[in-house]
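Below is one structure, written out as structure tokens; comments come after it.
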Amino acid sequence: MAFVPTMGALHEGHISLIVEAKGPNTLVIASIFVNPTQFNNPSDLEHYPRMEEKDIALLEKAGCDIAFLPSISEMYPEAHKGHWDYGLLSSSLEGKFRPGHFDGVLTIVKRLFEAVSPDRAFFGEKDFQQLAHIKRLAKEEFPSIEVIGCPTVRESDGLAMSSRNLRLSAEERKIAAIISAILFDMKEKRADFTPSELESYGRSQFELASGIELEYLEIVDQKTFAPVADWADSVEPIILVAAYVGSVRLIDNLML
Ligand code: PAF
């Protein structure tokens, strides 16, 4: 059985996970649950888009067999949140800027894995650090579950699909495309720069862009999350970025 956990407000990125999960003779179950323990900003939780009926119709159309919409009291009979420390993976980037976020994600993913017992579970690479955490959780606590990462799906102007994009005004939506444009530009320029020069170049491009507030931009190794000082140090470097457009916090990444 294949499992696609989501927080709803489904877009083509989620649908690509359902399609990927849906092999011949594979039962696909998708969950929709806006997990309160992974939000470290109460206003972000309050404004998280919710559209269950539309989501269920989209799931059906994509070939999903079962939609699982647990209640808060089912998933959190007691408000306990677990704690995982995977070193640099947990303390850097999203871990640093969103304290407790990954504990919330892993708490709910663990409970969902226990409830659903899938053979395979599918997650998007847009949340790259989340995916790395879930792979580690599965390796250590659910070795029979295969965690599969699927490529980020982008809008035609390059913006990574995200449920949070729905909260952007028309003007902000245009500005948001600059995030991926900077990432793709950095990738093209990789050969001209050292990793730290390329980071500085990327950050300077964000400074030039009006309407975007960069939170972090770093080039790290995909496996260890260690900052890449020299290209020779990492066979799999990745740029990870978080930025605010208005009040909406967006993340993206690009493998170099
Ligand atoms: O990526 C998401 O939508 C959520 O973080 C997840 C994995 C469903 C856990 O709530």
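First listed ligand is number 1; within each ligand, the first listed atom is number 1. Keep in mind that this is a model prediction, so the values were computed, not measured.
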Checklist outcome for this item: for atom 10 (O) of ligand 1, nearest protein heavy atom and its distance come out as Gln38 OE1, 2.6 Å
Checklist entry - Is there at least one pair of N or O atoms, one from Gln130 and one from ligand 1, spaced under 3.5 Å apart? => result yes
Item to check | Electrostatic pair Asp103-Lys110, nearest N-O below 4.0 angstrom | outcome: no
Checklist entry - Salt-bridged, Glu12 to Arg154, with N to O below 4.0 Å? => result no
Checklist entry - For Glu20, what residues pass the salt bridge (charged side-chain N to carboxylate O under 4.0 Å, His left out) criterion, not counting sequence neighbours? => result none
Item to check | Qualifying salt bridge (charged side-chain N to carboxylate O under 4.0 Å, His left out) pairs with a residue from residues 195-211, counting only residues at least two apart or across chains | outcome: Glu199-Arg203
Next on the checklist: Within the 4.0 Å heavy-atom shell around Ile108, which atoms of ligand 1 are there?
Outcome noted: 9 (C), 10 (O)
